[in-house]
Structures are given as structure tokens and as C-alpha cells.
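Computed from heavy atoms alone, side chains included, the values below leave out hydrogens, waters and symmetry copies. Keep in mind that this is a model prediction, so the values were computed, not measured.
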Amino acid sequence: MPVFHTYTERVSFVYTAPAKRGNGYARSLVAELSRRLLETKSFCTLYTDLTNPTSNKIYQEVGYRPIMESSWIRLAR
């Protein structure tokens with residue numbers, strides 16, 4: 001069960017269809033969503049694919065900065 005906090009919010013799974021890339025849609029969306037979230041939250045976190053230099057560059061340009069790496073582990077029975 002995820003733990004929700006009133007002081008933070010996260011952004012993840014940002015995707016732009018290949019035919020629509022290069023128009024700034026994801027950049028605008030992430031920037032505006034983050035701006036709105038920060039109106040009521042102390043900070044936002046954003047999960048990104050470290051192997052995608054384009055998205056990582058965009059996220060840093062809109063104000064995010066790398067703070068740590070994380071892993072997603074799926075346990076099965």
C-alpha cells in the first residue's frame with residue numbers, strides 16, 4: 001500500500017507518441033503540472049528513465065534536478 005503525504009507529489013510515466021514528439025507537449029505539460037502541484041505541495045518528485053537523455057534534459061530545464069537513483073522490484077509468489 002503506497003504512503004501518501006500532504007507535502008509532496010510525484011510525476012511519472014510521461015510519454016509522447018512518436019508522431020507528436022518535438023513539439024514541446026511533454027515539456028509544457030510537466031512544467032505546468034509541476035507549477036500547479038507546487039501551489040499546494042512543498043515539493044514534487046519526478047521518476048525518469050536514466051537512459052533517455054532527451055527527457056532528462058527537458059526535466060532539468062523545467063527545474064527538476066537529479067537527487068538519487070531508484071529501482072522497481074516486482075516480487076511474485
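Donor-acceptor pairing under 3.5 Å is lacking for the side chains of T45 and Y64.
At least one donor-acceptor pair under 3.5 Å links the side chain of S55 to the backbone N or O of N52. When atom types are taken as modelled, the side chain of N56 and the backbone of T48 share no donor-acceptor pair closer than 3.5 angstrom.
One distance of note links CG of L46 with CD1 of I58; it measures 11.0 Å at 0.5 Å rounding. The OG1 atom of T40 sits 8.0 Å away from the CD atom of E9 when rounded to the nearest 0.5 Å.
R35 and E32 are joined by a salt bridge, as a carboxylate oxygen and a charged side-chain nitrogen come within less than 4.0 angstrom of each other.
For residues 11-24, no residue pair satisfies the side chain to side chain donor-acceptor pair (under 3.5 Å) rule, not counting sequence neighbours.
Taking a 6.0 Å sphere around CD of E39, one finds it holds more than 12 heavy atoms contributed by other residues, nucleotides or ligands.
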Step by step, would you call E61 with R27 a side chain to side chain contact (heavy atoms under 4.5 Å, CB included)?
CA-CA 9 Å; E61 288 173 356; R27 177 192 307 265; 2.4 Å; yes
Please evaluate residues V30 and Y59 with respect to the criterion side chain to side chain contact (heavy atoms under 4.5 Å, CB included), reporting the C-alpha separation (whole Å), side-chain torsions for both, the decisive distance (0.1 Å), and the verdict.
CA-CA 8 Å; V30 169; Y59 298 147; 3.9 Å; yes
Checking V62 against S34 for the side chain to side chain contact (heavy atoms under 4.5 Å, CB included) test, could you report, in this order, the C-alpha distance in whole Å, the side-chain angles of both residues, the deciding distance, and whether it holds?
CA-CA 9 Å; V62 300; S34 301; 5.7 Å; no
